[in-house]
Amino acid sequence: MSRLKQIKSGIADIIKYITFRIWFRGIYCLYAKRPVRKDKVLFVEVRDSEVSDSFQLLYRKLKKEKSTVFTYIICAVVFAEGENM
């Protein structure tokens with residue numbers, strides 16, 4: 001592995017660590033102490049551009065019941081070296 005690739009990989013690892021271990025945990029701890037609204041539902045999807053199939057039925061039912069449903073899509077597209085779209 002070339003030196004530049006090692007540096008890029010190290011930077012990516014640091015960013016991932018900061019994002020998932022520090023930033024998201026801090027946000028969770030902050031909001032976990034707040035009161036819970038019984039009619040509020042949050043779906044977070046990190047692999048697809050929509051709510052996954054396993055949650056679609058639940059998602060639709062909650063929408064019909066007029067629950068407050070929030071959907072957050074977190075997309076991070078990473079291509080392996082040499083892979084084309």
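In this text the structure is predicted, and so the values were computed from the model without any measurement.
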TODO: Tell me, with the steps shown, if Lys5 and Lys8 meet side chain to side chain contact (heavy atoms under 4.5 Å, CB included).
DONE: CA-CA 5 Å; Lys5 287 181 185 178; Lys8 285 183 181 179; 5.6 Å; no
Task: Partners meeting side-chain contact (heavy atoms from CB on, under 4.5 Å) with Leu58 (sequence neighbours left out) - done: Phe43, Phe55, Leu62
Task: ILVMFWY cluster membership beyond Leu4 - transitive side-chain contacts under 4.5 angstrom - done: none
- [ ] Could you pull out all residues at least two apart from Arg21 that satisfy side-chain contact (heavy atoms from CB on, under 4.5 Å)?
- [x] Tyr17, Arg25
- [ ] Could you tell me which residues satisfy side-chain contact (heavy atoms from CB on, under 4.5 Å) with Tyr28, sequence neighbours excluded, listed by chain and number?
- [x] Ala32
Open item on the list: Starting from Ile7 and following side-chain heavy-atom contacts under 4.5 Å between hydrophobic residues (I, L, V, M, F, W, Y), which residues can be reached?
Closed with: Ile11, Ile15
TODO: Mind checking side-chain contact (heavy atoms from CB on, under 4.5 Å) for Ile27 and listing every partner two or more places apart, or none if nothing turns up?
DONE: Trp23, Tyr31
